[in-house]
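These notes concern the structure reproduced below.
Order of appearance sets the numbers: ligands from 1, and atoms from 1 within every ligand.
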Amino acid sequence: MSERQKTDALIIGAGVCGIYMLYRLLNLGLNVRVLEAGAGPGGTWYWNRYPGARFDSESYSYGYSFSKELLQEWDWTEHFSPQPETLRYLNYVTDRFNLREHMLFNARVRSARFDNAQNRWRVELEDGREYECTWLCTAIGMLSAATPPRIPGVERFRGQAFHTYNWPHEPVDLKGKRVGVIGTGATGVQVIGAIAGEVAQLTVFQRRPNWCAPLHNSPITPEEMATIKASYDEIFATIESTPNAFLHGPDRREMKEVPREDRLAFWEQLYASPGFGVWLGNFRDVLMDPESNAEFSAFIAGKIRQRVRDPETAEKLIPKDHGFGTRRVPLETRYYEAYNLEHVRLVDLNETPIEGIDETGVQTSAEHHEFDIIIYATGFDAITGAFDRIQIEGVDGIRLGDKWHEGPVSYMGLQVAGFPTLFTLAGPQSASVATNFPPAIESMVNWTSAFIGYLESQGLHRVEAEEDAEAAWQQEVKSYYDMSLLAQTKSWFTGYNSNVEGHDKLRYLVYLGGAPAYREKLKEIAEAGYRGFRMS
Ligand code: NA7
């Protein structure tokens, strides 16, 4: 057994969050190491290499804001950056700030155990290497535990098959191929739009349709980029002011107070605009009031009927079990038009469920579909899945997986009682998931690194959420679910995943109170001497 390596801090994950946390902790003068399962930095943008993978956030709202120099150096080439460019960006940041030498790649963490006597975490990799630290920070992603479908025979298929998250690093030749796609969430919708024109035959297996809206991506000209660079102060001021840290904030009017003709004109304008405006820039009651929501859903259904030529297919693509925006809205490029192509077919799994997968393809209750390639766009064990894949043990050997069995509990989504000195950055019940990730991540990283700096300066090396503070945070997190239509819909936001045992009921995964309220709470806690944390 090699000797255990000792550091002040360990960060698990070198994605958007881990990269920035590393930068901050190095600035505190700490000895830090990042343990990353991939062969390079990038996290989400390292793994998701499927065709069509790109931001649904405006590129210039997704980049880091912490360095004015970085903002001026980096040129985005599209309003919604594609995955290869984003991966280049994250590599650029890594090298720009000399972070790579502190990162260990191909280092998948198997377990993390708290040594109560020493106040230290002991972390073991899957290859047996061992590390030890005071400050343990997880930056393991909210959508990083991919879930292939639980379908009998899935391992039998002899063609190529991959989950979108594990898309091969070598180019996949789709030209002239018979391709099946299972899943029509944000990922499936991106893939389908991107490959429909290229493949010989495309069959989409849909269990539940989602309400999708056009992304309206376009290139950024050098002149536009110069204007963007000159406007970063205003851009980040807008991001700070909106509930979800996007460039789109709700229209303060209620739909019902706007005359019908004007609301339709407004909706046409939203539908024709790039990005999430159609979801997050809508009348404020559209996501709160069932009647307003139903009216807007009918508007979008009309758009689907206009864009899809075959009326029967169009009806299948219109969700009937939930209203617009109550699940994550996939933004699409030529998604609905794909179904107008002769060689693209939609299979509704409610009519003809999948019975199994065999050597040559997919068997439904009605027929056998032969494929060269099957793409599983079947989603993630969201938010808690990445934690469950590491054996995390706190005081007295208590397991995080056991504590979270009925759903996660935390204080501010940042700490869990019984797991001292572990910071679950961008973890369950923080504001990150319900927002544009990077700005939320930046505020959490800023706060946590300042907290660690404070503790270090006081000679304090153990910090733990108090049980009362944790319980109060549960009530607060729950209270927002009670107010939102989103909570009434089954999706990964509310903890459902048919491919994971037991994930068939509501779990309170996300703080839905908005980024400004979350930041305000963090500030108040710090100003009150880090209220709710036991420090020693
Ligand atoms: P999602 O949004 O969870 O979508 C997964 C899709 O796969 C969804 O349409 C599921 O249908 C479908 N699915 C899952 N399992 C099966 C099985 N066994 N059979 C048929 N269909 C299945 O994941 P995405 O990757 O698209 O998006 C995740 C987030 O990543 C996204 O919101 C962005 O923020 C980035 P269901 O709706 O459950 O009936």
In the protein, what heavy atom is nearest to [atom], and what distance, to one decimal place, separates them?
atom	result
atom 30 (O) of ligand 1	Leu143 CD1, 3.4 Å
atom 15 (N) of ligand 1	Asn499 ND2, 2.9 Å
atom 21 (N) of ligand 1	Ile182 CG2, 3.8 Å
atom 26 (O) of ligand 1	Thr187 N, 2.9 Å
atom 23 (O) of ligand 1	Gly379 CA, 3.2 Å
atom 4 (O) of ligand 1	Gly185 CA, 3.5 Å

If you measure from the Lys or Arg side-chain nitrogens to the Asp or Glu carboxylate oxygens, is any gap between [X] and [Y] under 4.0 Å?
X	Y	value
Arg49	Glu170	no
Arg507	Glu406	no
Glu370	Arg158	no
Arg54	Glu85	no
Asp321	Arg327	no
Arg305	Glu315	yes

> Out of curiosity, is Phe205 lining ligand 1, as in a heavy atom under 4.0 Å away?
Replying inline: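 Contact check Phe205 vs ligand 1: negative.
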> Non-hydrogen atoms of Arg327 versus ligand 1: any pair closer than 4.0 Å?
Replying inline: yes
Specify whether [X] and [Y] have parallel, tilted or perpendicular ring planes, treating 30° as the upper limit for parallel and 60° as the lower limit for perpendicular.
X	Y	value
His163	Tyr165	perpendicular
Tyr89	Trp76	tilted
Phe246	Phe276	perpendicular

Identify, by atom number and element, the atoms of ligand 1 in contact range of [X], meaning under 4.0 Å from any of its heavy atoms.
X	value
Leu349	20 (C)
Gly183	6 (C), 7 (O), 9 (O), 12 (C)
Thr378	5 (C), 7 (O), 13 (N), 14 (C), 15 (N), 16 (C), 22 (C)

Within-cut-off N or O pair, [X] and ligand 1, under 3.5 Å:
X	value
Ala186	yes
Thr184	yes
Ala377	yes
Trp492	yes

> Can you tell which of Arg328, Arg208, Lys490, Arg207 gets a heavy atom nearest to atom 19 (N) of ligand 1?
Replying inline: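 The nearest heavy atom belongs to Arg207.
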>> For Glu291, is the CD atom crowded, meaning more than 12 foreign heavy atoms sit under 6.0 Å from it?
In response: no
